[in-house]
Protein chains: 6
Amino acid sequence: MSDPFFQPVSGFDLPRFAGIPTFMRLPHVPPDHARFAEVEIGLIGVPWDSGTTNRPGPRHGPRQLRDASTMIRAQNGATGLRPFEAAACADLGDVGPNPADIEDSLERITSFYRQVAGAGIRPLTAGGDHLSSLPILRALAADEPLGMIHFDAHTDFFAGYFGGTKYTHGTPFRRALEEGLLDPKRVIQIGIRGTAYDSEDKDFARAHGVRIVEIEEFFDRGPADVMEEARAVAAGRPTYVSYDIDFVDPAFAPGTGTPEVGGPNSFQALQVARALAGVDIVGADLVEVSPPFDQTGNTAFLGVSIMFELLCAMVAGG
Amino acid sequence: MSDPFFQPVSGFDLPRFAGIPTFMRLPHVPPDHARFAEVEIGLIGVPWDSGTTNRPGPRHGPRQLRDASTMIRAQNGATGLRPFEAAACADLGDVGPNPADIEDSLERITSFYRQVAGAGIRPLTAGGDHLSSLPILRALAADEPLGMIHFDAHTDFFAGYFGGTKYTHGTPFRRALEEGLLDPKRVIQIGIRGTAYDSEDKDFARAHGVRIVEIEEFFDRGPADVMEEARAVAAGRPTYVSYDIDFVDPAFAPGTGTPEVGGPNSFQALQVARALAGVDIVGADLVEVSPPFDQTGNTAFLGVSIMFELLCAMVAGG
Amino acid sequence: MSDPFFQPVSGFDLPRFAGIPTFMRLPHVPPDHARFAEVEIGLIGVPWDSGTTNRPGPRHGPRQLRDASTMIRAQNGATGLRPFEAAACADLGDVGPNPADIEDSLERITSFYRQVAGAGIRPLTAGGDHLSSLPILRALAADEPLGMIHFDAHTDFFAGYFGGTKYTHGTPFRRALEEGLLDPKRVIQIGIRGTAYDSEDKDFARAHGVRIVEIEEFFDRGPADVMEEARAVAAGRPTYVSYDIDFVDPAFAPGTGTPEVGGPNSFQALQVARALAGVDIVGADLVEVSPPFDQTGNTAFLGVSIMFELLCAMVAGG
Amino acid sequence: MSDPFFQPVSGFDLPRFAGIPTFMRLPHVPPDHARFAEVEIGLIGVPWDSGTTNRPGPRHGPRQLRDASTMIRAQNGATGLRPFEAAACADLGDVGPNPADIEDSLERITSFYRQVAGAGIRPLTAGGDHLSSLPILRALAADEPLGMIHFDAHTDFFAGYFGGTKYTHGTPFRRALEEGLLDPKRVIQIGIRGTAYDSEDKDFARAHGVRIVEIEEFFDRGPADVMEEARAVAAGRPTYVSYDIDFVDPAFAPGTGTPEVGGPNSFQALQVARALAGVDIVGADLVEVSPPFDQTGNTAFLGVSIMFELLCAMVAGG
Amino acid sequence: MSDPFFQPVSGFDLPRFAGIPTFMRLPHVPPDHARFAEVEIGLIGVPWDSGTTNRPGPRHGPRQLRDASTMIRAQNGATGLRPFEAAACADLGDVGPNPADIEDSLERITSFYRQVAGAGIRPLTAGGDHLSSLPILRALAADEPLGMIHFDAHTDFFAGYFGGTKYTHGTPFRRALEEGLLDPKRVIQIGIRGTAYDSEDKDFARAHGVRIVEIEEFFDRGPADVMEEARAVAAGRPTYVSYDIDFVDPAFAPGTGTPEVGGPNSFQALQVARALAGVDIVGADLVEVSPPFDQTGNTAFLGVSIMFELLCAMVAGG
Amino acid sequence: MSDPFFQPVSGFDLPRFAGIPTFMRLPHVPPDHARFAEVEIGLIGVPWDSGTTNRPGPRHGPRQLRDASTMIRAQNGATGLRPFEAAACADLGDVGPNPADIEDSLERITSFYRQVAGAGIRPLTAGGDHLSSLPILRALAADEPLGMIHFDAHTDFFAGYFGGTKYTHGTPFRRALEEGLLDPKRVIQIGIRGTAYDSEDKDFARAHGVRIVEIEEFFDRGPADVMEEARAVAAGRPTYVSYDIDFVDPAFAPGTGTPEVGGPNSFQALQVARALAGVDIVGADLVEVSPPFDQTGNTAFLGVSIMFELLCAMVAGG
């Protein structure tokens, strides 16, 4: 499992600012690469934001996340885990979307992830806006509805926008639920907050059995207790993890399109991801990083730090 | 009370980036507007910073706050309150100051607020630097001294600056107390911190009965406990709320002229405003947002999120 | 014609940083306003960028352009013209697009401009990306193909993108020509430069009679000579003016999605617009200002300075 | 004249990023310093912007200009002149203004410059907004009206603002002319452009004999020809030079409060200053550099490059 | 001790934006100054970053820290201590490094600090990258190994980089320990976190008796408890304090080269420094502030706020 | 020559924001790649800035230049040349420097370029600071001294810095000349300007026969005339081209460490590179792009636009 080919380049050998940036300095192994079949966990970029209803930019997310990810090292400082030795990880490249055609893009993404899933590779995705999760779920939930642990300031369970538009970054899980991709009784949403249009999204979700942990409850109980419940909701069965960077307070993650103040800090942002160890994760994403609004680069660096924790949780296994 | 005229434009109908930005997408109802008399709570901009002793910029605050406020929706996520259905709210426009004449500006502002108060409208102000609170208090405290709940890193109780200059953003409440606009025994200041010239400001305030909660006490007791005391200080009688954005830590609110590190986070910033429900608020302000120092826009967005909580507290009533 | 209602607010009366920003501080006169029918030239925002193939952001253009436009005064410094006294001008507001549905947005825009044109109002548009020009042309060229004077680094005459997608900001004039909205023999494109995919766009345009002035020719001949030719191409008949801010060098206009270095400076940018006096302008636009990439605000201010010159040219008449 | 005490620190000895930054790395010689009387040309900061009618910030100018000035070396690359060997130059420090009292500040500045002039030191000032020039002229023109060569986008000859306010950065030369500090027949203004309220300022100035070279004339004739006329206007008699950084196009100098597009480039900005050699300069200023709007620092660096040319012209003599 | 010469300039007398910025507006007293021998605590800049392995910039730290330090006032708001009255403090200027020669720079710095220590002055240093601490320790630990309280996200105990390079900002304390400058049993490191190459640095340090408090332990126990242990580790004997700004979370301190998310907030950052009172501090530093990555200036302001607390702790004595 | 393997990815197929960024979207062909020997022109990054004497940052240049280069298309808009069809071009990756050891880095770079030159590949380098040119010349001028066409604001012919340090970004060509790598009679430097320490660098260079075209001469004669001379100086023999981005005015290229105002604009920046067609170019570099000072990204985009012109000139042949 500790094949040198799948090890990231060390900053002791090549300075972190040098080299063409792949995710976490892993080898670039696109589907036509000779060693594609050996990959166990694939890091994939979905540079797409056509579902964004306000401030655009996540289409630039994967590239900035790759750049920031050159600061990630081989070992988890908190747990000692060395994920790249525990599983064959690689950067599978980006899915090429069609920025001027939503339907076409949905199909392109699902098609790519079907290929990945077909090869037995578990995907760890860097978005892209949150609509990206829908075509991924279409590929991963082909056989059965999945559970989902979802970190976000918003439920993304809206019925539609702008007079009925069905595909936006505020609607992916409504569609996923309608399409039978999610088992709502195994879905938990954590961090919900901010002003709201109304309660229709929450009412709908709860009526179907979704568990919503709003931010006040999150702070009252603390990350450890909430995550214990999250693992219980996942119930030891195949689960998708979707992590919207706007879960975190905008002081820590300004580079996103729909920030909501009053969120968790960066330590809590890592804690909740680390607490996923033990969940049967079939795939995970980190979405809504928007470089044009991330002047300091803090958002991207926090994003890849979360991705590293997600990766460790995927490696730690279910 | 739920007159469609007074409802904000929904982001489901018109995208948040579209349209001429008024406060919270409310109708623009200046004093000469036909429906001015129907307004119950008026949002007003005071684009003025001539009292600033260090880094200027709050004159640009109201415009940026209006822009950021287009991200505010109709319902309080934490409480479920829908303030725009509970009271007729409108954007009354800006008071036009004279940036090169402090006395003239003080008069212009007081005059505008007398007109507002005379129409029975409670003002919610977007500053402007903190000197703005003085001419507002002159209009609102015409009949009797008011109580005040004041969130800030500084007391703003200084006697004078630069060899005796009386009107700066560090002196408004000294002047207000001298002029009998405030009842010092019903004044509480929360969040005071940072290096100090000396203790003259605090000594003066305390000698008159003002309650000062410094940041160490704030963190020790927690927002809920402190706010319970604040409501007790207000004593169920007419009270002004003044909220300086530098109450919040500069990581959350960098866009201000006199930041002090070591302050509350954004969740606490909302909590304290939410805890004002039950106070008899005759007016409120959010001051010292300085766009030239707010590259990310985080400060303005936090500012309008606080304004929304202040509005909800005003609607919740005394 | 010098009705006080249609005069902009003066910076001598209200400081430029104060007030809710409309285009050039003109009255806001949406279609349902009592005085809509009196408007002669209407300034309109099209906050839309769904046709953008690379860096998004122009959806935020109209709001930033309105903000910057508060620095525009009543008189043209170079010519002495006072356009607001010469024609009734107003801010007609924004067309509300559907950011997640291109076809729907195209219809919304055309519909709005039909209403404007139907009222006899000549539109001066602030984009939006360049695809915005297509639905406008559909409204304005209902009766006959128009001439066009087009300032841009790119021809926007591409056949399609990403495997045949027809509606992007690189294709509007290909579509317009196909739809009979433009008379190619009365179309001139000025400032074309930068690396190219190939020559198909130029070959197509030239084959239909479009005149393309590449940047080398522009600098060799100078703005005055080129603009004399442009007026000749327009031939004294109804002409649309489309001004992409990326015509200008990115040092002067960094806030745009597809910059090309080696362009005109800001003086030349104004000169060419000023030289439109005498052209029968049925409408004009200034597009592709992208605030997320305009940290200094220079692009927006140059944009509104160009819009002011376009307005003066429209007033100067044909 | 080449006293080591008055020589700037070399970047060969101490890196440019090191050391407490004085103007051009000259010794700090405040009025109470033992060698004050030996100074021939004094560089002075006037950190003051209370006359600013729109975007504030020049109060931070002197500090940023000192920082940028550490990149200035000992020799003029174009002429070979080594000014610090030709005259005893020193940083005299800042005049301390009262940011909340215009009258007080005017007096403080005039008083400081009387002391400087009384010691036979010619001042080279770093502003501050343009109102700073008025109290300086009051000190320097005590004996007779001065000529003035003035680079600017604006005449600053307005009668008043906001209903009669006399002291703003748009009025200094109106006041100076009224007070007999300037000989209008020996005043030339170069670079005037942009939209205008009206022509009252120009009409007034021209009626008194002021020569105004608008930007179109400047570009038509070229810097050399215009500057030949400027020297002729100065007529070999005592002349003040006032250089507003907004003379330069905002692409080259974005950090200023009232930019006007369509201005000279940085090479021309230096050329016109260099062409002052031969003028009898009794004092000079570089004003309106506003650090909060100068994210790149380009404006400050251009500002000190201009100051170096002004210094060379002062050394070159009359 | 309260000699007026050693008092900082008050913001009541000279606005904070005015004047040539020295550390905390103290007098500039370089080694050749007449009153050098009277200084008790010397603030020194080490503008040097040649040991930086990733993002450079701390060479610009001292200048930006001086600028930000003009916002520091005379009295500690939390404790009431007035350090400038309790000890003679001065800005000793910068050590001039050789940015292109590490060995030469190490010698220059040690030489300067030997002069400082020889004069009985305790140094409070503004870095510079963390390699700066090594040459300082060489001067201060001439007689005996020192204890050290070290705040940082990284141990800086690495053996070498890039194939054996010994002097980088990741190795200073490995060298110091090897050279006998530190007593490892009196060294405590607080805040360690982030991904790691491996555990060699921690293993080495612990094997020698260094106490490492990782971030999870820090948050579990709280600052007060951890600092009680730190004081115990220092054992009442001569101790150096080294404070890397990346100890703090990057939301509060973005301007640094090797940030690690999940760190303390700004209140905790001050708390730990304040809790040093009682330690026998022979010198202290605040390093790794990198202005090119500090767009808001928050990092520098937090840095000088920490320096002020370090100064108070030094004054409070051992 | 038009092997599909060596063709860049088209923006029509994959949006420009998608994909792992190599130079100009060419294939990544490191020396151990199977097709390395087929490469004719190799694009190489030298992420190194240890020779920088003032503001660091060029170590981050290659990565940002790769990112910006995704906006380059296949065809030269001005000449119609399609370089990627005319020569086999590839991204050879970065040379890994040792940021804390100058000598080691010099050797690593020379070694890499020897391998490149040995394979018959002509290198087009993205720096890195200007010291990078020295180790490259050591590899390329192994057989005979080269001519050089050098665009820069500075001669980089200094003898030493900081008391004799030989290797800095201000000394590479002094060293190259001393080492016999350059034939000074075939060296021309264009664009020299700014303040100077003294004339020693120019005197030395001229004494050896180097032709220096200062900026005044450049503007007087125009780019075409100067470049005709440059081609004559190169004399049809093997010539290196070194292009420091600070040749261009900082309004167009702010992201560099030692800017000098008063330089050429971006059109001229391209013109001079385009005019190299016909020169026998054995290698070329574009250096001193410093991303931390390039907030808009304009510098990097101009940099890669220049690199594209250099590439076209290399393809056009000698």
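In the text below, chain A, chain B and the rest are named by the order of the sequence lines, each starting its count at 1.
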Under 4.5 Å to a heavy atom of chain E? For D/Pro21 that would be both

Given heavy-atom pairs under 4.5 angstrom as the criterion, report whether the side chain, backbone, both or neither of D/Pro97 touches chain E. both

Check chain D and chain E for donor-acceptor pairs under 3.5 Å and report each one on its own line.
from	atom 1	to	atom 2	distance (Å)
D/Arg16	O	E/Arg63	NH2	3.0
D/Ala18	O	E/Arg63	NH2	3.2
D/Gly19	N	E/Asp94	OD2	2.7
D/Gly19	O	E/Arg63	NH2	3.4
D/Arg63	NH1	E/Asp67	OD1	2.8
D/Arg63	NH1	E/Thr70	OG1	3.1
D/Arg63	NH2	E/Arg16	O	3.0
D/Arg63	NH2	E/Ala18	O	3.2
D/Arg63	NH2	E/Gly19	O	3.4
D/Asp67	OD1	E/Arg63	NH1	2.8
D/Thr70	OG1	E/Arg63	NH1	3.1
D/Asp94	OD2	E/Gly19	N	2.7

Considering residues at least two apart in sequence or located in another chain, which fulfil the side-chain contact (heavy atoms from CB on, under 4.5 Å) criterion with E/Ala119? E/Phe36, E/Ile121

Can you find a pair of side-chain heavy atoms, one from E/Pro291 and one from D/Phe17, that are under 4.5 Å apart? no

Residue from E/Pro30, E/Ala18, E/Gly61 scoring the most non-hydrogen pairs under 4.5 Å with chain D is E/Ala18

